[in-house]
Amino acid sequence: MPSPSVRRLTMAAISNSLSLKHSFSLSRASPSSSSIKFKFRRCYAAFANENREYVIVGGGNAAGYAARTFVEHGMADGRLCIVTKEPYAPYERPALTKAYLFPPDKKPARLPGFHTCVGSGGERQTPGWYKENGIEMLYEDPVKDIDIEKHTLTTSSGKLLKYGSLVIATGCTASRFPEKIGGNLPGVHYIRDVGDADALILSLEKAKKVVVVGGGYIGMEVAAAAVGWKLDTTIIFPEDHLLQRLFTPSLARRYEELYQKNGVKILKGASIKNLEAGSNGHVAAVKLGDGSLVEADTVIIGIGAKPAVTPFERVGLNTEVGGIQVDGQFRTSTPGIFAVGDVAAFPLKIYNRISRVEHVDHARRSAQHCVKALLSAQTHTYDYLPYFYSRIFEYEGSPRKVWWQFFGDNVGETVEIGNFDPKISTFWIESGKLKGVLLESGSPEEFQLLPKLARSQPLIDKAKLQNATSVEEALEIARESLQGEAAV
């Protein structure tokens, strides 16, 4: 008879070679499932320094929601390990460019207030929550190498982890200015984690003149927060208008006017040659392509992000949209390895294209879908509806708080309704169908209508929509189109 150690090795080998989804569904289906689960736990306890049944790499939103889904399926306790470069348990990252940056008198957000999964109305998963649910957390120890053949990960501290199933949730890293043009000068900031936001707050406390580089989500949100500090603020970006990948020129003009009313200077269509340092080595100005200088003692760079694929390039990358290629269950081409959130290049079923979405809503939903597929008999393809939102000028004392939501695809012709005070909406129509809709300052009921419209893509009377005299009337026309589609 084999020795106990040989039997344990055999069990570990079986768990790593078999489809975990099938082996665990068997354990739940049988009345004797508790004994089977007990065997797995004994196996992994015997290799507590090396073997993990499930490993999540990354500590952002996707990791937190994936962990919750493991717990909901009863498969976390003693089985799940999360490896993160951060010193904190997963948190709702969007707060970092919104409420986290509010000045002290404006009730800024702080941990543990925004740990996952409060962003979607779930339980706050503090470090204690992970301990209570038997989830092993390896903080400040990012993965630096993977051996696909041996199913092992090596962390920066030299720790070796053998995984049964691996979920890559590494997200993105901020795109940076090169060092040779001043990208690393003191006073130059990028925001991806709490440490970045803390460093920026220290700068804002002393700042007089702030320059925000980038006219996208990060740029708009950070500039709005800087207004709350009553700082001289300038936004610089090369595009023709704010948030060019979503806003129409007309809609962008409304937001640009709002920022200018709040004292923000906007330099659009501008290129940057370099960031200049003062005599103390600290950033002192932004030099534009035309040679002019914009004084600044604090510069925030928000020019996009890159998927954090290192060291997982061998798993299989997508050369068109970036990130790690996965299928509708978030499986990579390597058995036992999955990728979710910002880093995943996945089939966007509703529009029949491969896409990579950098948004918290997708991070949450993709993590949940992936883990459910891994642990259960779920086989349906991820069917995501693109959704983006932002909240700006929402701090206490702000003369006007702004919250907009967008659902769908921004393709085709546009119809804009409303005067932006108090609300505005934009509809995207292609081949007579309503493809996407954006609403600012709507009611909860109106916001709930948007995803229904974007997913159904009803035929809509463009002329009738253009003649609407209010946002409410336009949304009612869209609602009627939706009901007419259902009647057919």
Side-chain angles (χ1 to χ4, degrees), residues 59-61 64 86-119 121 124-128 139 174 185-214 216-236 255 258-266 278 280 282-284 286 294-302 360 389-404 441:
N61 286 285
E86 294 208 47
Y88 306 101
Y91 52 86
E92 302 285 350
R93 207 169 292 272
L96 297 179
T97 53
K98 299 181 178 71
Y100 200 88
L101 295 183
F102 292 175
D105 63 333
K106 301 280 196 294
K107 298 181 180 179
R110 290 292 179 268
L111 290 173
F114 57 97
H115 279 298
T116 56
C117 297
V118 294
R124 182 178 290 114
Q125 296 171 194
T126 62
Y139 295 107
L185 286 175
V188 176
H189 298 270
Y190 307 84
I191 302 183
R192 287 302 297 181
D193 57 37
V194 167
D196 295 335
D198 284 342
L200 175 56
I201 289 169
L202 290 175
S203 281
L204 293 175
E205 289 173 346
K206 306 170 187 175
K208 290 184 174 62
K209 295 186 176 183
V210 173
V211 167
V212 180
V213 179
Y217 293 99
I218 300 297
M220 290 180 68
E221 291 169 2
V222 171
V227 169
W229 290 78
K230 297 182 171 58
L231 300 174
D232 182 321
T233 304
T234 302
I235 305 179
I236 302 174
Y255 280 95
L258 175 66
Y259 275 81
Q260 289 165 338
K261 285 179 182 177
N262 279 276
V264 178
K265 295 182 281 294
I266 298 176
N280 60 357
H282 193 279
V283 69
V286 177
V294 181
E295 293 183 357
D297 48 43
T298 298
V299 175
I300 303 99
I301 310 292
V360 63
Y389 75 91
S390 188
R391 301 191 306 273
I392 50 178
F393 301 112
E394 59 173 348
Y395 42 78
E396 194 174 88
S398 171
R400 183 180 173 204
K401 299 177 181 180
V402 173
W403 183 24
W404 60 262
S441 299

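This chain uses plain numbering: 1 for the first residue, then up along the sequence. These numbers were taken from a predicted model, which means no experiment stands behind them.
- Using a 4.5 Å heavy-atom cutoff, the side chains of S203 and I300 are not in contact.
- Residues passing the side chain to side chain donor-acceptor pair (under 3.5 Å) test with R400 are E440, sequence neighbours excluded.
- Looking only at side-chain heavy atoms (C-beta outward), V211 and E295 stay at 4.5 Å or farther from each other.
- Across P399 and N262, no two heavy atoms sit closer than the pair CG-OD1, 4.2 Å.
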Any chance you could lay out the side chain to side chain contact (heavy atoms under 4.5 Å, CB included) test for Y389 and V360, step after step, and finish with the verdict? CA-CA 10 Å; Y389 75 91; V360 63; 4.0 Å; yes

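- Two residues are said to be in side-chain contact when any heavy atoms from C-beta on lie closer than 4.5 Å; T298 and L200 meet this criterion.
- With sequence neighbours left out, Y395 forms a ring-ring contact (aromatic ring centres under 6.0 Å, His included) with F102.
- Minimum heavy-atom separation, G278 to A284: N-CB, 3.6 Å.
- Looking at heavy atoms from C-beta onward, L101 lies in side-chain contact with I191 at the 4.5 angstrom threshold.
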Would you check, one step at a time, whether the test side chain to side chain contact (heavy atoms under 4.5 Å, CB included) holds for T97 with Y217? CA-CA 9 Å; T97 53; Y217 293 99; over 6 Å; no

Given T234 and K209, is the side chain to side chain contact (heavy atoms under 4.5 Å, CB included) satisfied, shown in steps? CA-CA 8 Å; T234 302; K209 295 186 176 183; over 6 Å; no

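- In terms of the ring-ring contact (aromatic ring centres under 6.0 Å, His included) criterion, residue partners of F114 (sequence neighbours excluded) are, by chain and number, Y91, Y100.
- Residues L96 and D196 are not in side-chain contact: their nearest non-hydrogen atoms beyond the backbone lie 4.5 Å or more apart.
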For Q260 and I266, what are the C-alpha separation, side-chain angles and deciding distance, and is it a side chain to side chain contact (heavy atoms under 4.5 Å, CB included)? CA-CA 7 Å; Q260 289 165 338; I266 298 176; 4.1 Å; yes

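- Side-chain contact between W229 and I201 is present, with at least one heavy-atom pair separated by less than 4.5 Å.
- Residue S441 holds its OG atom at 10.5 Å from CH2 of W403, rounded to the nearest 0.5 Å.
- Side chains of V118 and E92 form a contact here, defined as non-hydrogen atoms less than 4.5 Å apart.
- T126 and P112 make their closest contact through CG2-CB, 4.1 Å (heavy atoms, listed as atom of the first residue, atom of the second, distance).
- Distance alone, capped at 3.5 Å, places no donor-acceptor pair between the E396 side chain and the K107 backbone.
- Summarising the geometry, atom NZ belonging to K265 is positioned 7.5 Å from atom OG1 belonging to T233; distances are rounded to the nearest 0.5 Å.
- The minimum heavy-atom distance between K401 and S398, with the atom names listed, is N-OG, 4.2 Å.
- Side-chain contact between S390 and E221 is present, with at least one heavy-atom pair separated by less than 4.5 Å.
- Residues G302 and I218 share a closest heavy-atom pair of CA-CG2, 4.0 Å.
- The two residues R93 and G60 come nearest to each other via the heavy atoms NH2-CA, 3.3 Å.
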